[in-house]
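Since the structure comes first, as structure tokens, the remarks are kept for the end.
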Amino acid sequence: MKSIASAPGKVILFGEHFMVYGAKAILCSIDKRIKVTSQVIDERKIKIKSDLGNVEVDVDSSSNNSINLMKPFVYLATRTLKKFKKNGGIEINIESDIPSGIGLGSSSASCVAAAASITGLFEKLPKEDILKLAIEAERTIFKNTSGADCTVCTFGGLAEYDIKNGFKKINSKVDFNLVIANSKQSHHTSEVVEKVKKFKDNNKELFTSLYSQESELIQNALLALEKNDLSTIGSLMSKNQILLEQIGVSTDRLDLLLKEAKKTSFGAKITGAGGGGCIIALVDKSNIEQTLTNLKNHDDVFSSKIDYRGLLDTF
Ligand code: PMV
């Protein structure tokens with residue numbers, strides 16, 4: 001028997017970096033998915049096939065020695081085999097249309113889809129339990145993850161998040177497209193977060209003022225999302241970008257992409273940590289083609305819609 005599950009990637013629409021210090025962020029899942037197919041095999045092995053490579057580990061010696069990026073899957077498979085006292089192994093096949101390592105939630109989506117697919121071989125768990133497992137699995141590689149990405153990948157749609165109150169689903173059925181352009185500049189979230197901390201420590205008053213501007217902006221964004229008011233959402237995204245530029249997380253390359261994106265979209269900003277990674281531009285059918293064309297001359301670009309489905313455990 002095969003057990004199949006898929007989960008969407010995500011973008012941060014508003015609030016990255018300031019959320020580290022308690023501000024609200026708004027996340028949105030996108031219609032690019034990772035699909036995981038699992039099956040029980042007779043051999044006492046965990047076999048993982050993915051675009052990032054193929055890995056085989058012995059079930060009984062797997063816990064600490066697996067290749068870093070594969071740790072979540074080895075964790076989920078060994079835990080499940082142990083729970084159901086199975087003698088064999090599990091083969092896991094991961095297929096992704098989310099580019100990895102550029103802040104679009106590929107790691108979280110793969111943990112959520114794998115948690116559902118692997119446990120689905122033996123039992124059907126509610127989404128809340130799958131989410132818990134997925135966060136445990138992701139912590140094998142990102143110790144301090146807030147769980148924000150896994151949550152939005154599990155439930156789909158839009159969500160607000162802050163450290164104190166955790167998650168709240170936003171029930172707006174706003175309809176927009178995003179044009180996403182990958183700068184192809186590699187970045188490390190933890191390094192950029194550290195750089196922002198230094199900026200904050202050296203510019204206390206300025207940071208406090210930027211933080212309160214961000215908080216006010218996010219309240220306005222929540223109202224605009226409720227009203228499906230794309231031109232206000234877009235202009236708030238561009239304002240959010242100005243705040244991000246002031247804390248030093250943009251780059252010349254990202255600025256160039258943003259300049260092109262803003263010519264025709266409702267607004268644009270980086271998504272995620274910055275220092276590289278992607279920009280997002282808010283569009284609808286009136287300006288999507290032109291925005292794609294503006295950016296195509298510069299980089300790796302595609303469009304995406306909000307995914308309202310979240311985790312799917314069969315097709
Ligand atoms: O680059 P991403 O999508 O992992 O987002 C990082 C978001 C930050 O606010 C910069 C860091 C964090 O842990 O909240």
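In each ligand, atom 1 is the first atom listed, and ligand 1 is the first ligand listed. Given the structure is predicted, the values throughout are model-derived calculations rather than measurements.
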Between Glu91 and Lys45, is there a side-chain N and carboxylate O pair less than 4.0 Å apart? no
Salt bridge check: are Arg44 and Asp58 linked by an N-O gap of less than 4.0 Å? no
Tell me whether the centres of the aromatic rings in Phe207 and Tyr21 are closer together than 6.0 Å. yes
Give a yes or no answer on whether the side chain of Ser183 reaches the backbone of Gly277 with a donor-acceptor pair at less than 3.5 Å. yes
Under 4.0 Å from one or more heavy atoms of Met19, ligand 1 contributes atoms 9 (O), 14 (O)
Lys10, any N or O under 3.5 Å of ligand 1 N or O: yes
Here the atoms of ligand 1 under 4.0 Å from any heavy atom belonging to Gly103 are 3 (O)
Pick one of side chain, backbone, both or neither for how Ile12 approaches ligand 1, counting any non-hydrogen atom pair under 4.0 Å. side chain
Between Glu16 (side chain only) and Gly272 (backbone N and O only), is there a donor and an acceptor less than 3.5 Å apart? yes
Contacting atoms of ligand 1, where contact means under 4.0 angstrom from a heavy atom of Glu16: 9 (O)
Could you check which of Ser146, Gly277, Ala273 puts a non-hydrogen atom nearest to atom 1 (O) of ligand 1? Ala273
Starting from atom 12 (C) of ligand 1, locate the nearest protein heavy atom and write down its residue, its atom name and how far away it is, to 0.1 Å. Val20 CG2, 3.8 Å
Does Lys173 count as lying over the ring of Tyr308, i.e. NZ or CZ under 6.0 Å from the six-ring centre, within 45 degrees of the axis? yes
For atom NZ of Lys49, is the number of surrounding heavy atoms from other residues, nucleotides or ligands below 6.0 Å larger than 12? no
Distance to 0.1 Å, residue and atom name: give those for the protein heavy atom nearest to atom 2 (P) of ligand 1. Gly272 CA, 3.9 Å
Nearest protein heavy-atom contact for atom 9 (O) of ligand 1: which residue, which atom, what distance? His17 N, 2.9 Å
The protein heavy atom nearest to atom 4 (O) of ligand 1 is Thr189 OG1, 3.8 Å
